[in-house]
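Along the sequence shown, residues carry numbers from 1. Please read these numbers as outputs of a predicted model, since none were measured by experiment.
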Amino acid sequence: MSATTVPQTLLSRALLADGVISGATGALMFAAAGPLSQLLGLQTTLLRTAGFSLLPFAALLVYLAVRPRVPRPLVWGIVGYNLLWAIDSILLLTTGWVAPTLWGYLFTVVQALAVAVFAGLQYAGLRHSSPALA
């Protein structure tokens, strides 16, 4: 399996920033799903489930960010997962599955854009990192 060397590079910084922000967002959504539900107009279960799902993902990102080498296929998977999250977030708003408040729309669009930016930074970091064998 091929891996990429990750000295303090764009890739490691993007993974770390994504991990920290995903972890903070996930913890907030999980712990404060009730109050956020009222503010955002999104279901408590949706917020709690999405928040909980972010926690192991965030832990993986932070773990990979501090590793000297990471498997390239895994990083490609993270890029794909981030893009899927961003697309699903927009689909959530456009399909009528939820009836968010203005704050809910803003929250969902901003986090979708942030996740898409992380995917782009991770892609760029992956393309500019030096390949190495695992």
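Asp88 CG to Leu83 CG: the interatomic distance, rounded to the nearest 0.5 Å, is 11.0 Å. Interatomic distance, CG of Asp18 versus CD1 of Ile78, reported as 8.0 Å (0.5 Å rounding). To the nearest 0.5 angstrom, Leu47 atom CG is 12.0 Å from Phe30 atom CZ. Rounding to the nearest 0.5 angstrom, the gap separating the CE atom in Met29 from the CG atom in Leu42 is 8.0 Å. Ile90 contributes atom CD1, which lies 11.0 Å from atom OG1 of Thr95 (distance to the nearest 0.5 angstrom). Rounding to the nearest 0.5 Å places CG of Leu16 at 9.0 Å from CG of Leu61.
Criterion: ILVMFWY side-chain heavy atoms under 4.5 Å apart, direct or through other members. Under it, Tyr105 and Leu113 are part of a common hydrophobic cluster.
Across all non-hydrogen atoms, the minimal contact from Ala112 to Ser89 is CB-CB, 3.7 Å. Annotation for Pro56 and Ser53: closest pair CD-O, 3.6 Å, computed over non-hydrogen atoms. Across all non-hydrogen atoms, the minimal contact from Ala65 to Leu15 is CB-CB, 3.9 Å.
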Criterion side chain to side chain contact (heavy atoms under 4.5 Å, CB included) on Asn82 and Phe57, from CA distance to verdict
CA-CA 10 Å; Asn82 276 339; Phe57 179 69; 3.6 Å; yes

With side chain to side chain contact (heavy atoms under 4.5 Å, CB included) as the criterion, how do Leu36 and Phe107 come out once you've worked through the C-alpha distance, each side chain's angles and the decisive distance to 0.1 Å?
CA-CA 10 Å; Leu36 283 175; Phe107 173 80; 5.8 Å; no

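Counting non-hydrogen atoms of other residues, nucleotides and ligands closer than 6.0 Å to CH2 of Trp103 gives a total of 12 or fewer. No more than 12 heavy-atom neighbours from other residues, nucleotides or ligands sit within 6.0 angstrom of CZ on Phe52. The environment of Tyr81 atom OH is dense: over 12 non-hydrogen atoms of other residues, nucleotides or ligands sit within 6.0 angstrom.
A side chain to side chain contact (heavy atoms under 4.5 Å, CB included) with Pro100 is found for one member of Thr108, Leu93, Leu106 and no other, namely Leu93.
With a 4.5 Å cut-off on side-chain heavy atoms, Leu39 and Thr101 do not count as touching. Side-chain atoms of Trp97 and Leu46, non-hydrogen and from C-beta on, never get closer than 4.5 Å to each other. Contact annotation: the side chain of Arg72 approaches that of Ser129 to within less than 4.5 Å [non-hydrogen atoms, C-beta and beyond].
In this structure, Ser12 contributes its side chain and Thr9 its backbone to a donor-acceptor pair below 3.5 Å.
Neither side chain, Gln111 nor Thr25, offers a donor N or O lying under 3.5 Å from an acceptor on the other.
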